[in-house]
Amino acid sequence: MPPVNDPRSSPASSAAGAAPLRIALVGYGYWGPNLLRNYMELPGAQVAWVCDRRPEALATAQSRYPAIAATTDLEVVLKDAAVDAVLVATPISTHHAIAKAALETGKHVFVEKPMTADAAQARELVELAAERGLTLMVGHTFVYSPPVSKVKELIDQDVLGEIYFITTQRVNLGLHQQDASVVWDLAPHDLSILYYWLGEAAGSVAVTGRGCIVPSIPDVAFINLKFPSGVVAEIQASWLSPVKLRRTIVVGSKKMLLYDDTENVEKVKVFDHGVQLTEPHGFGEFQLSYRTGDIVSPKIEHSEPLKLEAQEFLGAIAERRQPLSDGASGLQVVASLESAEYSLRHDGCEQVIAAAAPS
Ligand SMILES: NC(=O)c1ccc[n+]([C@@H]2O[C@H](COP(=O)([O-])OP(=O)(O)OC[C@H]3O[C@@H](n4cnc5c(N)ncnc54)[C@H](O)[C@@H]3O)[C@@H](O)[C@H]2O)c1
C-alpha cells in the first residue's frame, strides 16, 4: 500500500460526486500560470478567482480562461465565502501577509516556495493553520517529481546503504532576482529534496559565495550542510554558469547514485560501485578494495510534478491530514535559508540551524 502522504494515493484525483473545491490564485506572473493550468485540469477543483496587482496579467488570464473572475483586490477574494482555498504565487516578501490574511478568513492555503521571508513568519503561519484546523502547504515542487520520489524509494529500501554524503549542482545563466540572493531563489529546491530523502533537516550550515554582478545580491553560493545522522552535503547554486546543470550525486555504503534532471531519459542511475576498508595487516597499514559493478537506470513513470502537487493539496484538505510538503517542512527550509544567508554574509561562519518546530 502506498504511504498515506503519497500524492498518487490521493482520492482528489478519483473523488466522484464530491463538490469541487473552490480555489483562488493570487499572483499571475511567471509561475502562477503553471499552477492555474494544473488546477483547471483537476476534476476536484474549480478555480473561481485570479488576483494580481497588474491588470494586464488579469487580462491575459481571462483571455485564456474567460469563466474565471479576476480582481486586483485581495480583499474581494477573501470576502468571498465560497472560496475554500487560496494559492499564493507572488514574490517571497509578500507570502506571509497574503497567507496570513487567507488563513484568518478560514481559507486553506498553498504558498509557493520559500514559504516566507523569515522563520518567525513561517512559524506564525504554521501555528495559525493548526489553531484554525486549516491545511497549509508549501510548493516544494520537487518532492512531487517522479525521479526524486524514485531516489527516496531507493534510500528507504536501503539499496544505497548508509548515506555518506550528497553533492548537488543547480547552476545556469539564470535570472538575477531583485530582492533575494541565489540562496533564497534556488536552494529551497535542494533543501526540500535533501530533507525529504534523508527524513531529517540539517543541524548546521556554512556558506561561501559572492555577488559577482550586483555586489549586494550574491549570485553564487556553495552551501555546506551537516546533518544530525552524520550525513554531509553540499549545494552549489548559481545564476552564472555557461551550462545548465541539475546534477545530484548520492554516495552510500552499498551503492552510489546520479540523479540528473536535465536528462530526458535515465534521469536516475544507480552504480554498484564502492570502496571497502579491509582488515589492517599491521600497525598504521590499511587496505582498500574497490568495486565497480553494474550501472542500472530504474524505470520511472512520467507524471507532471505540479499535477501531483495539486492533487496532494486537494487530497490533504479532503482527508484532513498533513500534506507531504506541509507548513512544518516549509518552516524547516526557511529556517535553513535564514541561517545560510547569515553565514554567507558573515564570511562563511558555521551557523547552527535553529530547531524549526513551532514553539
Ligand atoms: N515551485 C517552483 O518550481 C517555482 C518556480 C518559479 C517560481 N516559484 C515561486 O513562485 C513565486 C512567484 O514567482 P514568479 O517568478 O512567478 O514571480 P513574478 O514576479 O513573475 O510574479 C509575481 C506576480 O505576483 C503579483 N503580485 C505581487 N504582489 C501581489 C499582491 N500583493 N497581490 C496580488 N498580486 C501580487 C505580481 O504583479 C506578479 O504578476 C515565488 O515565490 C517563487 O519563488 C516557484
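Numbering starts at 1 and runs along the sequence shown. For ligands, and for the atoms within them, numbers begin at 1 and follow the listed sequence.
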Do Val243 and Asn172 have side chains that get closer than 4.5 Å, going by heavy atoms? no
What's the verdict on side-chain hydrogen bond (donor to acceptor under 3.5 Å, both in side chains) for Asp219 and His176, showing C-alpha distance, side-chain angles and the deciding distance? CA-CA 7 Å; Asp219 45 25; His176 277 67; 3.1 Å; yes
Checking Glu350 against Ser204: is there a side-chain donor and acceptor pair closer than 3.5 Å? yes
Check: Arg170 side chain, Ala187 main-chain N or O, donor-acceptor pair, under 3.5 Å: no
For ligand 1, output the ligand-protein N/O contacts shorter than 3.5 angstrom; if there are none, return none.
unit_1: ligand 1; atom_1: 1 (N); unit_2: Glu112; atom_2: OE1; d: 3.0
unit_1: ligand 1; atom_1: 1 (N); unit_2: Thr141; atom_2: OG1; d: 2.7
unit_1: ligand 1; atom_1: 16 (O); unit_2: Tyr30; atom_2: N; d: 3.1
unit_1: ligand 1; atom_1: 16 (O); unit_2: Trp31; atom_2: N; d: 2.8
unit_1: ligand 1; atom_1: 20 (O); unit_2: Tyr30; atom_2: N; d: 2.9
unit_1: ligand 1; atom_1: 31 (N); unit_2: Arg53; atom_2: NE; d: 3.4
unit_1: ligand 1; atom_1: 31 (N); unit_2: Arg53; atom_2: NH2; d: 3.4
unit_1: ligand 1; atom_1: 34 (N); unit_2: Arg53; atom_2: N; d: 3.3
unit_1: ligand 1; atom_1: 37 (O); unit_2: Asp52; atom_2: OD1; d: 2.6
unit_1: ligand 1; atom_1: 37 (O); unit_2: Arg54; atom_2: NE; d: 3.2
unit_1: ligand 1; atom_1: 39 (O); unit_2: Asp52; atom_2: OD1; d: 3.3
unit_1: ligand 1; atom_1: 39 (O); unit_2: Asp52; atom_2: OD2; d: 2.7
unit_1: ligand 1; atom_1: 39 (O); unit_2: Arg54; atom_2: NE; d: 3.2
unit_1: ligand 1; atom_1: 39 (O); unit_2: Arg54; atom_2: NH2; d: 2.9
unit_1: ligand 1; atom_1: 41 (O); unit_2: Thr90; atom_2: O; d: 3.4
unit_1: ligand 1; atom_1: 41 (O); unit_2: His95; atom_2: NE2; d: 3.0
unit_1: ligand 1; atom_1: 41 (O); unit_2: Lys113; atom_2: O; d: 3.1
unit_1: ligand 1; atom_1: 43 (O); unit_2: Lys113; atom_2: O; d: 2.8
unit_1: ligand 1; atom_1: 43 (O); unit_2: Lys113; atom_2: NZ; d: 3.2

Report, as yes or no, whether the 6.0 Å neighbourhood of atom CG on Asp73 holds more than 12 heavy atoms from other residues, nucleotides or ligands. yes
Going by side chain to side chain contact (heavy atoms under 4.5 Å, CB included), Thr168 matches just one of Ile235, Val250, Leu191, Ile249. Which one? Ile235
